[in-house]
Q: 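Quick one: structure below, then a few questions.
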Amino acid sequence: MKVILASDHGGVNLRLEIAEVLKELGVEFEDIGCDCEGSVDYPDYGIPAAERVASGEFDRAILICGTGIGMSISANKVPGIRAALVHDLFTAKVTRQHNDSNVLCMGARVIGPGLASEIAKTWMQNEFEAGRHKNRINKIAEYENK
Ligand code: RB5
């Protein structure tokens, strides 16, 4: 399992917390920044990270911005990406089980580091249930490939 981790300026502190969570879980990861004092644009980090998941170089990405919305919109533009914006533990579990989400987005201005860390752990530790859910995500892929 290889994870790529990125944030804009709004998510730097939370991203560093999530890096510690990944270390704790023993997950291999690459942190691509931002290492920024000033303002950056979330698509400049979210899209390259999502592309590196879609290409197969990484299995999953965790993307953080102020709300998580910019990162999720950006990542979901990349074919093959199923990015989930998650701010609760139930959704963290079910989006893996039902959507096979390969990108987790969180908003550093929405939730604190304690909940975000638990969400990241839950999301990392749950698997896709396939079955009836497989047909649903296949329909999304079919639309992308039209
Ligand atoms: C940056 O100010 C902010 O817009 C960004 O972090 C994010 O919340 C966008 O969705």
Side-chain angles (χ1 to χ4, degrees), residues 1-34 40-145:
M1 170 68 68
K2 282 176 68 182
V3 174
I4 185 163
L5 183 59
S7 76
D8 72 357
H9 55 284
V12 172
N13 292 339
L14 184 55
R15 194 187 82 239
L16 298 177
E17 299 266 357
I18 299 302
E20 291 306 313
V21 170
L22 294 175
K23 282 182 202 163
E24 204 183 295
L25 294 175
V27 173
E28 188 183 342
F29 70 96
E30 182 178 329
D31 183 346
I32 62 163
C34 70
V40 297
D41 300 329
Y42 53 80
D44 293 340
Y45 292 86
I47 292 174
E51 284 177 336
R52 292 174 74 182
V53 173
S55 74
E57 182 185 355
F58 289 88
D59 301 292
R60 298 193 202 168
I62 299 179
L63 305 178
I64 301 163
C65 62
T67 59
I69 296 172
M71 283 297 196
S72 59
I73 292 171
S74 302
N76 275 318
K77 296 294 180 193
V78 177
I81 293 303
R82 294 176 300 279
L85 174 58
V86 176
H87 291 133
D88 68 274
L89 291 173
F90 173 76
T91 312
K93 179 174 79 171
V94 176
T95 190
R96 284 288 311 127
Q97 294 175 337
H98 291 194
N99 312 122
D100 197 17
S101 54
N102 48 13
V103 176
L104 170 65
C105 300
M106 293 185 286
R109 295 175 185 155
V110 181
I111 52 172
L115 178 55
S117 297
E118 290 305 309
I119 288 170
K121 283 182 202 164
T122 301
W123 187 75
M124 288 302 302
Q125 291 172 335
N126 275 275
E127 292 306 321
F128 183 44
E129 287 176 352
R132 69 188 188 280
H133 305 295
K134 181 74 184 143
N135 191 41
R136 294 164 184 167
I137 66 167
N138 282 349
K139 288 186 176 184
I140 299 169
E142 277 164 26
Y143 178 78
E144 284 176 336
N145 295 324

Q: With a cut-off of 6.0 Å (strictly less than), are more than 12 heavy atoms of other residues, nucleotides or ligands near NZ of Lys2?
A: yes
Q: Between Leu14 and Ala116, which heavy-atom pair has the shortest distance, and what is it?
A: CD1-CB, 3.5 Å
Q: Return the OG to CG distance between Ser7 and Asp31, rounded to the nearest 0.5 Å.
A: 7.5 Å
Q: I'd like to know if the side chain of Asp8 and the backbone of Val40 have a donor-acceptor N/O pair within less than 3.5 Å.
A: no
Q: Write down the atom of Ala6, the atom of Ala49, and the distance for their closest heavy-atom approach.
A: CB-CB, 4.4 Å
Q: Hey, what do you get for CG (Leu5) to CD1 (Ile64), rounding to the nearest 0.5 Å?
A: 6.0 Å
Q: If you compare all heavy atoms of Arg15 against all heavy atoms of Cys34, which two are closest, and at what distance to 0.1 Å?
A: NH1-O, 2.9 Å
Q: Please round to the nearest 0.5 Å and tell me the distance separating atom CD1 of Ile18 and atom CG of Leu104.
A: 7.5 Å
Q: Provide the full list of side-chain hydrogen bond (donor to acceptor under 3.5 Å, both in side chains) pairs with a residue in residues 54-75, sequence neighbours left out, each pair given once.
A: Arg52-Glu57
Q: List the steps, then state whether side-chain contact (heavy atoms from CB on, under 4.5 Å) holds for Asn13 with Glu17.
A: CA-CA 7 Å; Asn13 292 339; Glu17 299 266 357; 5.8 Å; no
Q: Has the side chain of Asn99 got a donor or acceptor atom that lies under 3.5 Å from a matching backbone atom of Ser101?
A: no
Q: Mark yes or no for whether Glu51, through its side chain, and Val78, through its backbone, hold a donor-acceptor pair below 3.5 Å.
A: no
Q: For His98, check ring-ring contact (aromatic ring centres under 6.0 Å, His included) against everything at least two apart and list the hits.
A: His133
Q: Could you report the tightest heavy-atom contact between Gly70 and Cys65, atom names first, then the distance?
A: N-SG, 3.8 Å
Q: Do the side chains of Val21 and Met124 get nearer than 4.5 Å, heavy atoms only?
A: no
Q: Decide yes or no on side-chain contact (heavy atoms from CB on, under 4.5 Å) for Met106 and Ile62, but give the supporting numbers first.
A: CA-CA 8 Å; Met106 293 185 286; Ile62 299 179; 4.2 Å; yes
Q: Hey, what do you get for CG (Asp88) to CG (Leu115), rounding to the nearest 0.5 Å?
A: 8.0 Å
Q: Does Ile119 form a side-chain contact (heavy atoms from CB on, under 4.5 Å) with Ile111? I'd like the steps, not just the answer.
A: CA-CA 10 Å; Ile119 288 170; Ile111 52 172; 3.7 Å; yes
Q: Is there a side-chain contact between Met71 and Val103, using heavy atoms and a 4.5 Å cut-off?
A: no
Q: From Phe128 CZ over to Arg96 CZ, what is the distance, rounded to the nearest 0.5 angstrom?
A: 8.5 Å
Q: Measuring from atom OH of Tyr42 to atom CD1 of Ile69, what distance do you get when rounded to the nearest 0.5 angstrom?
A: 9.0 Å
Q: Specify the closest pair of heavy atoms between Ile81 and Ala54, including all atoms of both residues, with the distance to one decimal.
A: CD1-N, 3.9 Å
Q: Could you walk me through whether Glu118 and Lys121 pass the salt bridge (charged side-chain N to carboxylate O under 4.0 Å, His left out) check?
A: CA-CA 5 Å; Glu118 290 305 309; Lys121 283 182 202 164; 3.3 Å; yes
Q: Ion pair present between Glu20 and Lys23, side-chain N to carboxylate O less than 4.0 angstrom?
A: yes
Q: What pair of heavy atoms forms the shortest contact from Ile4 to Phe58, and how long is it?
A: N-CD2, 3.6 Å
